Amino acid sequence: MNLKYATIHFQIILFFVLFGFGLSACSSITASLSGREEDLASISATQNLLSALEAQNSTLRNFKGIGTIKVWNDRKVQIDERVAWVGSLPLKISIAVLISGYPAVKLASDGEWFYYLEAQGNQSYYKKIRTADANLKRLISIPIGSNDVLTLLGGRVPMREHHQAQLKEDESGNGYVLILKKRWWGTIEKIYVDDTMSQVRQIEIFNRSGSLDYRASFEQFKDVQGYRLPFKLKISNDDGADCQLDIDRYWADVSVSPSMFVLNPPE
C-alpha cells in the first residue's frame, strides 16, 4: 500500500512539473514570436519610410525661386540679401545673391564644372573648378555640397549610401528618427520625421569621424503645382554657422537651358 501511494504521489508531482515546464516553454515561445513580430513591423515601417523618402517629389526636375538669404557666423550677420536660383536635378544649379537688385555674387554648376563670380566695385573675382559637387562654404560658411543644396531646394532628402537603416522614436518625444549607418563608419545620417512619418522635420549629416557636417531643418512647406516644397529652410553646424532661406516665390517644372548653369569670366 505504501508503495502504491508513493507511486501515485510521484506521478502527481511529475504531472505538475511537466505541466509547469510546458507553460514556461509556451510562454517563452510566445515571447519569441511577439518579439519577432515587433522586429518585422519595425523593418516594414523602416522600408516604407525609405520608399516614401525616395518617392518624394521624384518627378520634379526643373525649378526656380526667389527669396531672402541670411547667414550668421558666431551670431554675427554676414549676409542678409535677396537671392534667386534655378535648379535642374540631379546636378545643375545656379544661384545669384542680389544686392540692390544687382547680382553681386553668382554661383553655378553644370554637373561638370563649378563657377563662382563675385563683383567688388570695378573689380571681379572669378573661379572655375572641375567638380560636380562643389562646397558652398565660401557663401554660407557651412561645408555643404551644391548637390545637397539642390536636393533640399527640391523638397527632397539627400540620402547617403548606407548598409543599415534603423527607425526609432525620437528621444524628444516628437516623432521618429531614421538612422542610416555605414559599415566601418557608423552613423552617417539621421532623418527626423513627424508622428505620422509623412513629413521630414530635420536631417543631420555626419562625417567619418562622427562629427556633424551640417543639419538642415524644414520649417515650412507649401504645395506648388502638386509638389510639397520648402518655403523656410535652415542649415547650420556646430561651429556657429547658420543660414536661413525664406522663399517668397517658387516655380516648378520650368524650362531651362544649359547656358543657365555656366558662368563666363568677366570681360
Side-chain angles (χ1 to χ4, degrees), residues 62-89 91-155 158 213-220 224 229-237 239-252 254-267:
N62 306 323
F63 52 85
K64 65 180 182 179
I66 188 167
T68 301
I69 185 171
K70 295 180 181 179
V71 177
W72 296 265
N73 208 334
D74 293 329
R75 298 185 179 180
K76 296 179 180 178
V77 177
Q78 305 293 313
I79 298 175
D80 186 357
E81 304 291 350
R82 299 288 287 167
V83 64
W85 65 91
V86 179
S88 181
L89 287 162
L91 297 173
K92 300 178 181 180
I93 188 171
S94 179
I95 302 173
V97 178
L98 310 173
I99 299 178
S100 299
Y102 178 77
V105 179
K106 293 182 179 180
L107 304 91
S109 176
D110 60 5
E112 183 177 357
W113 294 91
F114 175 77
Y115 309 86
Y116 182 88
L117 177 60
E118 183 176 344
Q120 300 176 352
N122 295 327
Q123 307 219 351
S124 298
Y125 174 80
Y126 176 81
K127 197 167 187 179
K128 180 180 177 181
I129 305 170
R130 192 179 188 88
T131 176
D133 189 19
N135 194 311
L136 298 189
K137 186 175 181 179
R138 183 180 181 87
L139 176 64
I140 63 174
S141 302
I142 298 171
I144 180 173
S146 56
N147 287 0
D148 280 8
V149 169
L150 182 62
T151 303
L152 292 168
L153 287 174
D213 271 345
Y214 75 86
R215 71 174 55 84
S217 302
F218 297 99
E219 300 204 350
Q220 183 181 1
V224 178
L229 296 168
F231 270 69
K232 180 177 253 187
L233 176 66
K234 287 187 176 181
I235 303 173
S236 62
N237 62 15
D239 297 324
D242 293 272
C243 173
Q244 179 175 308
L245 179 64
D246 292 289
I247 300 174
D248 298 328
R249 296 285 305 277
Y250 202 116
W251 297 267
V254 298
S255 298
V256 298
S257 63
S259 62
M260 292 179 176
F261 309 104
V262 176
L263 295 178
N264 297 315
E267 297 179 358

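Just so you know, these numbers come straight off a predicted model, no measurement behind them. The first residue of the sequence shown is numbered 1, and numbering continues consecutively from there.
Looking only at distances, a side-chain donor or acceptor of D133 sits under 3.5 Å from a matching main-chain atom of N147. Using modelled atom types, no side-chain atom of D248 and backbone atom of G67 make a donor-acceptor pair closer than 3.5 Å. Not one N or O on the side chain of D74 forms a donor-acceptor pair closer than 3.5 Å with the backbone of K76.
Side-chain contact check for C243 versus I69: some heavy-atom pair is nearer than 4.5 Å. Contact of the I79 side chain with the V105 side chain is not registered, since no non-hydrogen atoms from C-beta on lie closer than 4.5 Å. Put simply, the side chain of S146 does not reach to within 4.5 Å of the side chain of T131, judged on heavy atoms. A 4.5 Å side-chain heavy-atom check between K70 and V77 finds every atom pair outside the cut-off. Residues W85 and L150 are not in side-chain contact: their nearest non-hydrogen atoms beyond the backbone lie 4.5 Å or more apart. Looking at heavy atoms from C-beta onward, T68 lies in side-chain contact with D80 at the 4.5 angstrom threshold. Residues W251 and V86 form no side-chain contact, since every pair of their non-hydrogen atoms from C-beta on lies 4.5 Å or further apart.
Closest approach of L139 to V71, counting heavy atoms only: O-CG2, 4.3 Å. The two residues P158 and D148 have their closest heavy-atom pair at CB-OD1, 3.5 Å. Closest approach of P143 to N135, counting heavy atoms only: CA-OD1, 3.3 Å. I142 and A241 make their closest contact through CG1-CB, 3.6 Å (heavy atoms, listed as atom of the first residue, atom of the second, distance). Annotation for A132 and L91: closest pair O-CD2, 4.4 Å, computed over non-hydrogen atoms. For the residue pair R130 and W113, the shortest heavy atom distance occurs at NH1-CZ2, 2.8 Å.
By the side chain to side chain contact (heavy atoms under 4.5 Å, CB included) test, A119 pairs with Y102, S124, sequence neighbours left out. For K127, the side chain to side chain contact (heavy atoms under 4.5 Å, CB included) partners at least two apart in sequence or on another chain are Y116, Y125, I129. In this view, I99 and E81, A104 satisfy the side chain to side chain contact (heavy atoms under 4.5 Å, CB included) rule, not counting sequence neighbours. Every residue was checked against the ring pair (Phe, Tyr, Trp, His ring centres under 6.0 Å) condition with Y214, not counting sequence neighbours, and none meets it. With sequence neighbours excluded, no residue forms a side chain to side chain donor-acceptor pair (under 3.5 Å) with S94.
W72 contributes atom CH2, which lies 12.0 Å from atom OG of S141 (distance to the nearest 0.5 angstrom). Rounded to the nearest 0.5 Å, atoms CD (E219) and CG (L233) are 8.5 Å apart. E118 CD to Q123 CD: the interatomic distance, rounded to the nearest 0.5 Å, is 11.5 Å.
A side chain to side chain contact (heavy atoms under 4.5 Å, CB included) with I144 is found for exactly one of D213, N237, L152, namely L152.
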Could you give me the CA-CA distance, side-chain angles and deciding distance for F114 and I93, then say whether side chain to side chain contact (heavy atoms under 4.5 Å, CB included) is met?
-> CA-CA 9 Å; F114 175 77; I93 188 171; over 6 Å; no

For L245 and L153, what are the C-alpha separation, side-chain angles and deciding distance, and is it a side chain to side chain contact (heavy atoms under 4.5 Å, CB included)?
-> CA-CA 10 Å; L245 179 64; L153 287 174; 3.5 Å; yes

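Below 30°, between 30° and 60°, or above 60°: for F231 and Y250 the angle between ring planes is between 30° and 60°, a tilted geometry.
For D242 and Q244, the side-chain atoms include no donor-acceptor pair closer than 3.5 Å.
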Hey, can you pull the donor-acceptor pairs under 3.5 Å for the side chains in residues 256-265, sequence neighbours left out?
{"from": "S257", "atom 1": "OG", "to": "S259", "atom 2": "OG", "distance (Å)": "3.2"}

